[in-house]
Amino acid sequence: MKVGDRVRVKDSVVVYHHPEHRNQAFDLKGTEGEVISIATQWQGRPVSANLPILVQVSKKFKAHLRENELEII
């Protein structure tokens, strides 16, 4: 997976920070977006982020996800 890839959430991932469903459980399963960054380094040092892939789902919503929760379209 690399920056710019179109991806779909294949597992059930519940978030509470979706702007259209603020403070309510919202399942991202089946939503599509674009990978905009992958957290592998910070200030030149390698990091091991728990949720390394940042996906832009809509204009106002981004989510950090694991690689095993996504599939490339």
Pairs where [range] contributes a residue and the test side-chain hydrogen bond (donor to acceptor under 3.5 Å, both in side chains) is met, not counting sequence neighbours:
range: residues 14-27; result: Ser12-Asp27
range: residues 36-51; result: none
range: residues 63-73; result: Arg8-Glu71, Arg66-Glu69

TODO: Quick one: name the residues clustered hydrophobically with Ile53, using the 4.5 Å side-chain heavy-atom rule over I, L, V, M, F, W, Y, and just say none if it's on its own.
DONE: Met1, Val7, Val9, Val13, Val15, Phe26, Leu28, Val35, Ile38, Val55, Val57, Phe61, Leu65, Leu70, Ile72

- [ ] If you link ILVMFWY side chains whenever their heavy atoms are less than 4.5 Å apart, which other residues fall into the same cluster as Leu54? By chain and number, please.
- [x] Ile36

Non-neighbouring partners of [X] that pass side-chain hydrogen bond (donor to acceptor under 3.5 Å, both in side chains), sequence neighbours left out:
X: Glu34; result: none
X: Asp11; result: none
X: Lys59; result: none

TODO: Count the heavy atoms of every other residue, nucleotide or ligand shown that sit under 6.0 Å from NZ of Lys29, and state whether that count exceeds 12.
DONE: no

